[in-house]
Amino acid sequence: AGRSGSSDGVAVYDDARDGSGRHRLEAVDQLRTGIGSGQLVLHYQPKLALATGEVDGVEALVRWQHPTRGLLFPDAFIDLAESAGLMSRLTSAVVDMALAQCRAWADEGCPLTVSVNVSPSNLVDEEFPDEVAQALRRHGLPAAALVLEVTESILMEDRERAVRVLSRLRATGVGVSIDDYGTGYSSLAYLAALPVTELKLDRVFVGAMTGSSRAASIVTSTLQLAHALDLTLVAEGAEDQDTVDALATLGCDVVQGYHLSRPLPPEQLWAWLQDRPPAGVRSPLADDLR
Ligand code: C2E
Ligand code: MG
Ligand code: MG
Ligand code: MG
């Protein structure tokens, strides 16, 4: 069989193991059905503002509740969605779910910005900005409630179009974050080309910073660069208190990582939020979200 188990992070479809393409068609079909029938679910990982200790927002991370194979992580199906032309549907579903959740939390008195990961194909789609604007309207949310996380691969497809689409999104007030910052060969090229509001430093640097002065120097210089450009610096992948303390000492703005919390289903995230100290949630959106 060309399909393999999932809990170990193996893809639902593996080219090398299926010469006929039959299993691929089957996997694509299941994914299309899954997207259309509510099998995608979002887990949310909180981000903490280091200056205040308040929760700054959450990142939505997609999972696929597969009918027979259990809960699948993105590395098992994102590439397939992209190559099969399903990414626009997947992203629409994710944006809609994330904004519905954002609205529900706001209604509970807990206004949180939500970050959503987008793929290269979303940003060569000229209709994407209108779609996002409509989704925000549908849920009664200001554009500032949403941050889109992009990676450098968006500049590799149709660069001019991607810049145009992203600029239009940015003009509506949606935040734009560069994810996994520092790992792409053209990281600095993004900064010149893209209208961004946030850099998200990749966890390879964050994870190494307490044990390596070279990694720590990279964090420091990225922080200086981000602040010189008036961007928020988010450190991803903080796995222990020493790292969080080091980031706070350096003046990093926001931290995210397993040490704080793993990505959680909405009801578990809600419980986690209730355990935070009083006023533990920053409310930059509070006025807009009434
Ligand atoms: P990402 O956007 O860089 O998300 C961070 C990933 O690192 C998540 O994995 C998260 O669970 C994990 N992580 C968070 N904190 C830590 C930590 O302290 N240590 C370690 N080792 N890992 C940590 P996940 O959820 O499996 O997502 C993997 C990637 O899949 C994401 O990387 C993103 O590129 C992609 N992805 C997730 N959701 C979506 C989506 O809705 N749409 C698209 N297009 N891509 C998505
Ligand atoms: Mg991300
Ligand atoms: Mg990342
Ligand atoms: Mg990553």
Practice item. Under the side chain to side chain contact (heavy atoms under 4.5 Å, CB included) rule, what do Thr183 and Thr151 come out as? Steps first, then yes or no, please. Key: CA-CA 10 Å; Thr183 56; Thr151 59; over 6 Å; no
Exercise for review: List the steps and the verdict of side chain to side chain contact (heavy atoms under 4.5 Å, CB included) for His43 and Leu269.
Suggested key: CA-CA 8 Å; His43 286 184; Leu269 183 82; over 6 Å; no
**Study point:** Full working for side chain to side chain contact (heavy atoms under 4.5 Å, CB included) between Leu229 and Val196
**Key:** CA-CA 10 Å; Leu229 295 172; Val196 302; over 6 Å; no
Practice item. Decide yes or no on side chain to side chain contact (heavy atoms under 4.5 Å, CB included) for Leu90 and Phe77, but give the supporting numbers first. Key: CA-CA 11 Å; Leu90 185 147; Phe77 61 89; 4.0 Å; yes
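The side chain to side chain contact (heavy atoms under 4.5 Å, CB included) search around Met97 returns Leu40, Leu42, not counting sequence neighbours. With sequence neighbours excluded, the residues satisfying side chain to side chain contact (heavy atoms under 4.5 Å, CB included) with Glu82 are Met87, Ser119, Pro120, Ser121. A search for ring-ring contact (aromatic ring centres under 6.0 Å, His included) contacts involving Tyr181 returns nothing, not counting sequence neighbours. Under the salt bridge (Lys or Arg N to Asp or Glu O under 4.0 Å) criterion, Asp158 pairs with Arg161, sequence neighbours left out. With sequence neighbours excluded, the residues satisfying side chain to side chain contact (heavy atoms under 4.5 Å, CB included) with Thr33 are Ser37. Every residue meeting the side chain to side chain contact (heavy atoms under 4.5 Å, CB included) condition with Arg168, not counting sequence neighbours, appears here in chain and number order: Glu126, Pro129, Arg164. In this view, Asp29 and Arg32 satisfy the salt bridge (Lys or Arg N to Asp or Glu O under 4.0 Å) rule, not counting sequence neighbours.
Annotation for Ala143 and Thr172: closest pair CB-O, 3.1 Å, computed over non-hydrogen atoms. Residue Trp64 comes nearest to Gln30 through the heavy atom pair CZ2-O, 3.5 Å, listed as atom of the first residue, atom of the second, then distance. The minimum heavy-atom distance linking Leu123 with Val118 is given by the pair CD1-CG2, 4.1 Å. Of all heavy-atom pairs between Leu146 and Val174, the closest is O-CG1, 3.5 Å. Nearest heavy atom pair, residue Val95 against residue Ala135, reads CG1-CB, 4.0 Å. Contact record, Pro263 with Leu61: CG-CD1, 3.6 Å, taken as the closest heavy-atom pair.
Without hydrogens or angle criteria, Arg103 side chain to Gly140 main chain gives a donor-acceptor distance under 3.5 Å. At distances below 3.5 Å, not a single donor-acceptor pair connects side-chain atoms of Thr91 with backbone N or O atoms of Ser88. With hydrogens and angles disregarded, a donor-acceptor distance shorter than 3.5 Å links the side chain of Gln274 to the backbone of Trp270.
Taking 4.5 Å as the limit, every side-chain heavy atom of Leu31 sits out of range of all side-chain heavy atoms of Val12. Contact of the Arg170 side chain with the Leu194 side chain is not registered, since no non-hydrogen atoms from C-beta on lie closer than 4.5 Å. Within the 4.5 Å cutoff, the side chain of Val244 has heavy atoms near those of the His259 side chain. Within the 4.5 Å cutoff, no side-chain heavy atoms of Asp56 are placed close to those of Thr232. Within the 4.5 Å cutoff, side-chain heavy atoms of Phe128 are placed close to those of Leu148. Within the 4.5 Å cutoff, the side chain of Leu273 has heavy atoms near those of the Cys110 side chain. The shortest side-chain heavy-atom distance between Asn122 and Val165 does not fall under the 4.5 Å cut-off. Glu239 is not listed as a side-chain neighbour of Val206, based on a closest heavy-atom distance of 4.5 Å or more.
Between atom CZ of residue Arg262 and atom CH2 of residue Trp272 there is a gap of 14.5 Å, rounded to the nearest 0.5 Å. Between Leu223 atom CG and Leu231 atom CG the span is 11.0 Å, to the nearest 0.5 Å. Of the inter-residue distances, the one linking Trp105 atom CH2 with Thr113 atom OG1 reads 10.5 Å to the nearest 0.5 angstrom. Summarising the geometry, atom CZ belonging to Arg159 is positioned 9.5 Å from atom CD1 belonging to Ile154; distances are rounded to the nearest 0.5 Å. Here CG of Asp130 is found 9.5 Å from CG of Leu169. Values are rounded to the nearest 0.5 Å. If you take CD on Gln65 and CG on Leu72, they are separated by 8.0 Å, rounding to the nearest 0.5 Å.
Contacts classified as side chain to side chain donor-acceptor pair (under 3.5 Å) and involving residues 210-224 (residues at least two apart or in different chains) are not found. Annotation: salt bridge (Lys or Arg N to Asp or Glu O under 4.0 Å) contacts involving residues 190-199, sequence neighbours excluded, comprise Lys47-Glu198. Sorted by first and then second residue, the salt bridge (Lys or Arg N to Asp or Glu O under 4.0 Å) pairs involving residues 216-228 (not counting sequence neighbours) form an empty list. Within the structure, salt bridge (Lys or Arg N to Asp or Glu O under 4.0 Å) pairs that include any residue of residues 86-97 comprise Asp96-Arg138 (at least two apart or interchain).
By the rule that hydrophobic residues join a cluster once side-chain heavy atoms approach within less than 4.5 Å of another member, Tyr258 and Tyr44 end up as members of separate clusters. By the criterion of side-chain heavy atoms lying less than 4.5 angstrom apart, applied directly or through intervening Ile, Leu, Val, Met, Phe, Trp or Tyr residues, Val147 is not grouped with Leu50; the two fall into different hydrophobic clusters. Residues Val62 and Leu264 share a single hydrophobic cluster, defined by chaining ILVMFWY side chains whose heavy atoms lie under 4.5 Å apart. Two different hydrophobic clusters hold Val176 and Val124 under the rule that ILVMFWY side chains link at heavy-atom gaps under 4.5 Å.
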Using atom types as modelled, flag every donor-acceptor pair under 3.5 Å from a side chain in residues 245-257 to any protein atom, sequence neighbours excluded.
residue, atom, partner, partner atom, Å
Asp245, OD1, Gln241, NE2, 2.9
Thr249, OG1, Asp245, O, 2.9
Asp253, OD1, His227, NE2, 3.3
Asp253, OD2, His227, NE2, 2.8
Asp253, OD2, Leu233, N, 2.8
Gln256, OE1, Lys200, NZ, 2.9
Gln256, NE2, Gln45, OE1, 2.9
Gln256, NE2, Glu59, OE1, 2.9

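Crowding of Glu160 atom CD: a count of heavy atoms from other residues, nucleotides or ligands under 6.0 Å not exceeding 12.
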